[in-house]
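Values in this document were obtained by computation on a predicted structure and should not be read as measured data.
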Amino acid sequence: MKDCLFCKIINKEILAEIVYENNDIAVFKDAHPSAPIHYLVVPKEHIQSIMHLESNHQEIISKLIFTAKKVAEETGLKGYKLIFNVGREGGQVVDHLHLHLLGGWTK
Ligand code: 5GP
Ligand code: ZN
């Protein structure tokens, strides 16, 4: 979507440190990390938020979680947090659905 920050990152119009990518999903480092490891797991399709999910989005939500699990394992995390901020009242600032992957406090 035009004027969407994460669509621009996905389309490589804005630089981000992408750590994993496939046809459906990109995972990149959060620019202002809240943990030693802070990645954003993002569907390439522009979906605004969890509140905007429709029934045909079941598969992409499943893929987001399995991708987070895979990247966490490959990063060597033994435990981690997965967080969706939903809507302004839920702390969502970027209106392109994303799953926060946070970890790395201990090794
Ligand atoms: P939200 O609060 O919407 O759930 O999270 C948005 C996240 O995007 C925040 O953690 C913020 O630090 C991150 N962020 C904002 N702008 C950029 C950017 O330009 N590049 C990257 N990599 N992350 C960003
Ligand atoms: Zn977008």
Side-chain angles (χ1 to χ4, degrees):
M1 191 199 223
K2 202 173 161 291
D3 296 332
C4 167
L5 175 63
F6 286 178
C7 283
K8 286 181 180 169
I9 288 175
I10 288 160
N11 293 328
K12 317 272 165 65
E13 293 164 31
I14 290 178
L15 193 66
E17 212 172 320
I18 295 176
V19 297
Y20 175 81
E21 185 175 18
N22 64 26
N23 281 342
D24 305 309
I25 290 169
V27 182
F28 50 87
K29 292 188 181 179
D30 195 293
H32 307 283
S34 304
I37 300 285
H38 187 172
Y39 297 160
L40 300 169
V41 187
V42 183
K44 289 191 172 178
E45 177 185 351
H46 181 90
I47 302 166
Q48 190 172 330
S49 79
I50 290 282
M51 282 193 284
H52 295 78
L53 286 180
E54 294 172 12
S55 54
N56 62 315
H57 291 132
Q58 294 211 16
E59 192 179 343
I60 192 66
I61 290 299
S62 171
K63 285 179 178 174
L64 280 185
I65 293 170
F66 276 96
T67 301
K69 173 182 184 288
K70 173 187 162 71
V71 170
E73 284 167 5
E74 288 174 358
T75 308
L77 299 180
K78 297 181 185 73
Y80 46 91
K81 296 177 198 263
L82 296 177
I83 297 172
F84 286 108
N85 292 328
V86 186
R88 288 290 174 275
E89 286 191 30
Q92 184 176 2
V93 174
V94 177
D95 288 333
H96 181 131
L97 182 72
H98 50 280
L99 177 59
H100 294 260
L101 167 60
L102 299 139
W105 295 281
T106 56
K107 278 277 175 193

Practice task
Give the intermediate values and the outcome of side-chain contact (heavy atoms from CB on, under 4.5 Å) for residues N22 and I25.
Solution key: CA-CA 5 Å; N22 64 26; I25 290 169; 3.7 Å; yes
Practice task
Might you work through the side-chain contact (heavy atoms from CB on, under 4.5 Å) test for I47 and I60, ending with a clear yes or no?
Solution key: CA-CA 10 Å; I47 302 166; I60 192 66; 4.0 Å; yes
Practice task
Could you give me the CA-CA distance, side-chain angles and deciding distance for F6 and L97, then say whether side-chain contact (heavy atoms from CB on, under 4.5 Å) is met?
Solution key: CA-CA 9 Å; F6 286 178; L97 182 72; over 6 Å; no
Exercise for the section: Could you give me the CA-CA distance, side-chain angles and deciding distance for K78 and T106, then say whether side-chain contact (heavy atoms from CB on, under 4.5 Å) is met? Expected result: CA-CA 9 Å; K78 297 181 185 73; T106 56; over 6 Å; no
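Minimum heavy-atom separation, M1 to C7: N-SG, 3.0 Å. Here the closest non-hydrogen pair linking G103 and A35 is O-CB, 3.8 Å. Among all heavy-atom pairs drawn from G90 and N85, the shortest one is O-CB, 3.3 Å.
Considering only residues two or more places apart in sequence or on other chains, D24 meets the side chain to side chain donor-acceptor pair (under 3.5 Å) condition with K63. The side chain to side chain donor-acceptor pair (under 3.5 Å) test applied to E45 returns H57, not counting sequence neighbours.
Between L77 atom CG and W105 atom CH2 the span is 8.5 Å, to the nearest 0.5 Å. With values rounded to the nearest 0.5 angstrom, M51 atom CE is found 8.5 Å from E89 atom CD. With rounding to the nearest 0.5 angstrom, the CD atom of E74 is 7.5 Å from the OH atom of Y20.
Under a hydrophobic-cluster definition in which Ile, Leu, Val, Met, Phe, Trp and Tyr are linked whenever side-chain heavy atoms come within less than 4.5 Å, directly or via other members, L102 and V94 are assigned to different clusters. V86 and V41 fall within the same hydrophobic cluster, where Ile, Leu, Val, Met, Phe, Trp and Tyr residues are linked whenever their side-chain heavy atoms come under 4.5 Å apart, directly or through other members. When the side chains of ILVMFWY residues are joined at heavy-atom separations under 4.5 Å, either directly or via intervening members, I50 and I65 end up in a single hydrophobic cluster. Note: the hydrophobic cluster containing L99 also contains L101 (ILVMFWY, side chain heavy atoms under 4.5 Å, direct or indirect links). Note on V19: it does not cluster hydrophobically with I10, by side-chain heavy-atom contacts below 4.5 Å among ILVMFWY residues.
Heavy-atom contacts from other residues, nucleotides or ligands closer than 6.0 Å to NZ of K44 number more than 12. Annotation for E17: atom CD does not count as buried by contact number, only 12 or fewer foreign heavy atoms lying within 6.0 Å. Remark: E59 CD is loosely packed, at most 12 non-hydrogen atoms of other residues, nucleotides or ligands lying under 6.0 Å away. Surrounding CD of E13 are more than 12 heavy atoms belonging to other residues, nucleotides or ligands, all under 6.0 Å away.
I61 is listed as a side-chain neighbour of L64, based on a closest heavy-atom distance under 4.5 Å. Using a 4.5 Å cut-off on side-chain heavy atoms (C-beta onward), K29 and I37 make no contact. At a threshold of 4.5 Å between non-hydrogen side-chain atoms, the residues T75 and Y80 do not count as touching. Between D95 and C4 there is no side-chain heavy-atom pair separated by less than 4.5 Å.
Between H98 and H96, a ring centre-to-centre spacing not shorter than 6.0 Å is recorded.
Relative ring orientation between H38 and H100 is described as tilted, the plane-to-plane angle lying within the 30° to 60° band.
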